[in-house]
Structure formats: C-alpha cells, structure tokens
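A short write-up of the structure that comes next.
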Amino acid sequence: MPASRKAKGGARAGLIFGDLWEFDPAPETADPRLKERYDLFIAGRFVRPRSGRYFDSINPANERKLADIALAGQADVDAAYEAAGRAFRSWAATPGRERGKFLFRIARLLQERAREFAVAETMDGGKPIRESRDFDVPMAAAHFFYHAGWADKLEYVAPGRAVAPLGVVGQVIPWNFPLLMLAWKLAPALAMGNCVVLKPAETTSITALKLAEILQDAGLPPGVVNLVTGAGETGAMVTGHPGAAKVAFTGSTEVGKAIMRQLAGTDRRMTMELGGKAANIVFDDAPIGQAVEGIVDGIFFNQGHVCCAGSRLLVHEPVADLVISRLKDRIRVLRVGDPLDKNTDIGAINSRAQLATIRRLVASGLREGAVMFQPPCRLPDRGFYFPPTLFTNVTQSHRIAREEIFGPVLSILTFRTVDEAIEKANNTAYGLSAGVWTDKGSRILRMSTELKAGVVWANTFNRFDPSSPFGGYKESGFGREGGRQGLLEYARFA
Ligand code: NDP
C-alpha cells in the first residue's frame with residue numbers, strides 16, 4: 001500500500017499513518033546466560049563482598065529483577081587496589097606484543113559471544129537490541145582490537161619520546177553505554193601497561209561482570225583488571241583511593257566536579273568526560289532528508305542517554321517549518337517499546353530515577369512556555385518509557401535549552417545568520433559535540449573552527465571510531481579518549 005497519496009489537484013497530502021506502519025513482533029531470543037548472583041572480580045577471581053551485601057539489578061523494560069550484584073565497601077576497594085598494585089610490576093614489564101595478544105583475545109572472545117552480550121546489555125540497560133547488537137558490542141570489540149594494535153608500537157605514540165605506564169588507574173563509568181565505556185577505559189589503560197580498578201554504574205553492572213569471564217578465558221594475569229560494583233559511595237572510594245595514580249571518569253558534570261574537589265591538592269592525573277548539550281545546526285542549503293535522519297539519530301539514539309546527543313536543534317529560519325514538519329512525520333513512525341524487539345527504535349529509559357528527571361525537565365519546558373509535540377504512541381504498561389518529544393518556541397534561557405535532559409527530548413531553536421548560529425551553539429556551559437548540516441565546505445570549516453566543541457560532525461552525527469579522539473571543552477570535561485591522544489592519557493614520559 002502506498003505510504004502517501006496525492007490530494008486532489010496534485011498537491012502532496014500528508015503521510016498516512018495508523019496501522020500501516022505496524023510490524024509483527026520480532027523478539028531477539030538468544031540466551032544472555034545471566035547468573036543469579038554476581039560477585040566482585042578481584043585478583044582474577046569472583047569473590048563475595050566482605051560486607052556480604054548485594055543489591056538488585058532490574059530490567060528497566062519490565063521492572064523484573066535480573067540478578068543480585070555485590071555491593072563493594074572500603075575493604076573490597078582496598079583489596080582491589082592491592083591486587084592491581086601487586087600485578088602492576090609484571091604487567092608493565094610484559095612486552096607490548098604480549099599485552100597486545102591479551103587485548104586481541106579479549107576482542108575475539110567478545111565477538112564470539114556478541115549475541116549473548118547484546119541481549120544482556122539490552123536487558124540490563126533498556127537500549128534497543130538493534131543498537132546493542134550493531135553498535136555497542138561491535139564497537140567495544142573494535143576498541144580492544146585497535147588498542148591491541150598499539151600495544152607493540154608504543155614508541156610511536158609520542159615520536160622521539162619514551163612512554164611508560166602510570167601505575168594503577170581508578171575508573172568509574174556511567175550507565176548509558178556500559179560495555180562500550182568499559183572498553184574505552186580498559187583497552188588504552190591495559191595497552192599502555194597500567195592496571196585497573198573499575199566501577200560500573202549501579203544500574204548496569206552485568207556486562208562488565210560478563211566481560212570479567214572473558215578476561216579469565218583470555219588468561220589475563222590476575223589483578224590486571226579488578227571490578228568493584230556498587231553505587232556512588234563505592235565510586236567515591238575508587239576515585240579517592242590513595243593507590244590510584246590516575247582517575248578516569250565518565251558521567252555527569254556534577255559528579256565530575258565532586259571528584260575534582262576530592263582530588264584537589266593531590267598529584268593524581270585525571271580524565272573527565274562529562275555532560276553535553278550539543279547543537280545540531282541545519283542550514284537552508286542542507287540535504288533536508290538526510291539532515292532529518294541525522295537529527296533523529298542525534299537525539300533518539302539510545303533514548304537520548306548520550307552525552308554528545310544533539311539535544312538542541314538550531315535550524316535556519318527559511319527551512320524551519322519544513323524541517324519541523326518532516327521531523328514530526330519521522331518521529332510518528334518511531335517504534336517505542338520492548339527493547340528486545342528487533343524493530344524497536346526507542347527502548348526503555350534506564351531507570352525510574354532517570355525517567356523522573358526527564359519528566360521534571362519536560363514539565364519545566366511546558367511551564368516556561370515552550371510548545372511540546374509528542375506523536376501518539378502506546379507505551380508498555382510496565383517498565384520505564386518516554387515517548388519521543390519535540391519542543392518548539394524554545395528560547396535560550398529555557399532549562400530545556402540549557403540542561404542535559406538525557407532523554408528522547410529535542411529542543412528546537414531557530415537562527416537567521418551564520419554568526420547567530422555560532423553564538424547560540426556556543427551559548428552553553430558545555431562543549432562536547434556539535435553537528436553542522438550544509439552543502440558548503442567553507443561553512444563547515446568555519447563552523448568547526450568556531451564551535452567550542454570537542455567533536456564537530458559535518459553532514460552526519462554520532463559517528464565514532466576507536467582511532468578518533470573524543471572529549472570536551474568547558475564543563476564537558478578534559479582529556480581525550482580514543483586514538484593516540486587517548487593512549488597518552490594513560491602514559492607518562494619516561
Ligand atoms: P553519575 O554521574 O552520578 O554516574 C556516573 C558514575 O559515577 C556512576 O558509576 C555512579 O555510580 C558514579 N558516581 C556517583 N557518585 C559518585 C561519586 N561521588 N564519586 C565517584 N563516582 C560516583 O550520573 P547519574 O547516573 O546520577 O545521572 C545523572 C545525570 O547525569 C543524568 O541525568 C545525565 O544528565 C547525566 N549523565 C551524563 C553522562 C555522560 O556521559 N555525560 C552519563 C551518565 C549520566 P552509580 O551510578 O552506581 O551511583
């Protein structure tokens with residue numbers, strides 16, 4: 001059946017929706033091989049927490065419990081640092097080509113178990129299986145492969161200068177890309193010869209602990225990687241530990257600042273990958289159809305739980321009506337629901353707390369006078385869901401234009417000139433990413449020079465590669481992850 005039809009007189013009528021776009025269910029059925037209980041991973045073994053305490057990990061898609069996760073206290077974090085400290089000397093002295101073999105094995109084992117990991121990631125975090133299968137897991141493997149390649153070529157990381165590892169690094173990661181952030185943190189640290197104590201986020205610890213099984217199967221020497229699970233208090237124990245030579249953190253700007261205060265006055269190195277409020281800028285000469293896809297990907301990928309999400313759309317006035325109407329058509333056909341269904345575009349919000357944050361900020365948008373559009377969509381009865389949402393009539397002072405919502409909510413502003421676009425894009429405390437859509441190469445060059453963002457995508461959005469450094473300006477943090485620059489964050493000059 002045609003998806004559109006000509007109205008009388010030849011004018012194009014609106015798209016026809018309704019059940020035309022319904023698909024049959026297509027559930028992913030691979031077994032995620034979850035355990036009922038996950039212990040801490042210290043010195044190459046799974047060990048019970050000294051407190052004996054565990055917390056529930058639930059599936060945000062249906063609020064059912066998935067597993068018990070160990071709650072690490074100070075004694076456990078101390079034990080993890082002790083194990084990492086013991087392992088460091090021999091790991092650092094292991095020839096780079098041997099370290100590379102371990103990383104290569106980890107990547108290969110992850111590929112072999114890719115489907116199982118994708119299902120586990122989706123059940124634990126709520127993201128659509130399409131994304132965990134096609135993005136998170138392959139990208140995590142790619143990071144291990146990429147750094148396996150570096151491990152025996154470290155003399156070229158900083159030509160003319162010898163590099164050496166830092167020691168034991170403390171790492172804390174968030175819940176939006178649990179396995180991928182783990183790979184971003186572990187792979188460069190290990191390639192360079194460091195040992196690690198890492199804390200995954202409370203709501204998404206499972207794939208980290210499944211990766212620990214792979215570390216065992218790969219024969220990684222005990223203590224090189226130690227995983228301690230728990231909430232923010234455990235995180236603070238990891239970042240504040242005197243055994244850490246460096247702290248690498250990805251998460252909110254608020255917690256990033258707390259960690260910087262905690263480490264002020266120490267000589268510990270830090271990498272901070274914090275929040276963002278990216279401008280996705282569409283000019284009137286942009287390929288509009290392509291730009292609309294980029295806008296959708298920019299804000300609805302991973303339910304908008306993305307630090308570099310294109311959460312502010314800046315659209316050139318001459319094409320604003322056209323872009324907004326195409327966007328509305330496009331989001332009417334996004335499928336929200338069961339993350340394990342292969343047709344789902346927008347899965348579950350990661351936690352009840354995050355859903356409350358999104359609702360709070362959306363309510364502030366309405367209160368402050370922005371106009372909301374949400375397509376009609378049926379949300380599952382159980383679990384945490386939020387429909388794709390657009391706001392027009394947004395001004396720069398609105399909270400929804402300034403604060404990180406971290407949900408499927410787009411704030412749309414307009415501009416008339418290039419200068420105005422640059423000024424509005426940079427009018428934020430953050431500076432992580434930006435997108436530019438235009439036919440003019442010269443304009444792309446000017447925008448990428450003047451936008452204060454660590455990454456500027458041109459005629460695309462949300463492109464990642466292990467060889468490409470990623471990181472922010474201003475309150476989005478400092479330091480880079482990925483590429484040669486990311487490796488140097490884990491090195492000192494010998
Ligand atoms: P957090 O920044 O609190 O979480 C990131 C990680 O830090 C988690 O592992 C967390 O543990 C841990 N942590 C929490 N407190 C401390 C502390 N004092 N010291 C050391 N580690 C700590 O993000 P939230 O999960 O609370 O999300 C809140 C908001 O942050 C979101 O609404 C979103 O706007 C933003 N956010 C941004 C991210 C980004 O990549 N830019 C990622 C995640 C969130 P645990 O989760 O177990 O409590």
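Here, residue 1 is the first one in the sequence, and each next residue gets the next number. Predicted model only: the values in this text are computed from it and were never measured. All ligand and atom numbering here is 1-based and tracks the order in the structure.
Nearest-heavy-atom check against atom 20 (C) of ligand 1 across C307, G251, G235, G275 picks out G235. Within the set F55, F249, Y430, the minimum heavy-atom distance to atom 7 (O) of ligand 1 is found for F249. With distances taken over non-hydrogen atoms, the option nearest atom 47 (O) of ligand 1 out of E202, K257, M272, E404 is E202. Among G230, S205, P200, S252, the residue whose heavy atom lies nearest to atom 29 (C) of ligand 1 is S252.
If you check which protein heavy atom lies closest to atom 48 (O) of ligand 1, you get G232 N, 3.1 Å. Atom 16 (C) of ligand 1 has as its closest protein heavy atom V255 CG1, 3.4 Å. When hydrogens are left out, the protein atom nearest atom 8 (C) of ligand 1 is I173 O, 3.5 Å; that is the closest non-hydrogen contact. With hydrogens left out, the protein atom closest to atom 31 (C) of ligand 1 is Q354 OE1, 3.5 Å, a heavy atom. Ranking the protein heavy atoms by distance from atom 24 (P) of ligand 1 puts W175 NE1, 3.6 Å first. In this structure, the protein non-hydrogen atom closest to atom 44 (C) of ligand 1 is F406 CE2, 3.7 Å. Nearest protein neighbour of atom 42 (C) of ligand 1, counting heavy atoms only, is P174 CB, 3.4 Å. The shortest contact between atom 11 (O) of ligand 1 and any protein heavy atom is with K199 NZ, 3.0 Å.
Side-chain contact check for N280 and W457: no donor-acceptor pair (N or O, by modelled atom type) lies under 3.5 Å. For K185 and T250, the side-chain atoms include at least one donor-acceptor pair closer than 3.5 Å.
F470 and W184 have their aromatic ring centers within a separation under 6.0 angstrom. Here the two rings, on F301 and F461, have centers that are 6.0 Å apart or farther.
Within the structure, ligand 1 lacks G276 among the residues with a heavy atom less than 4.0 angstrom away. Contact analysis leaves A258 out of contact with ligand 1, as no non-hydrogen atom separation drops below 4.0 angstrom.
Cation-pi geometry between K35 and F46 is met: the NZ or CZ atom falls under 6.0 Å from the ring centre, inside 45° of the normal.
Inclusion of L274 in the set of residues having an N or O under 3.5 Å from an N or O of ligand 1 is warranted.
Side chain of S57 to backbone of I69: no donor-acceptor contact under 3.5 angstrom is found.
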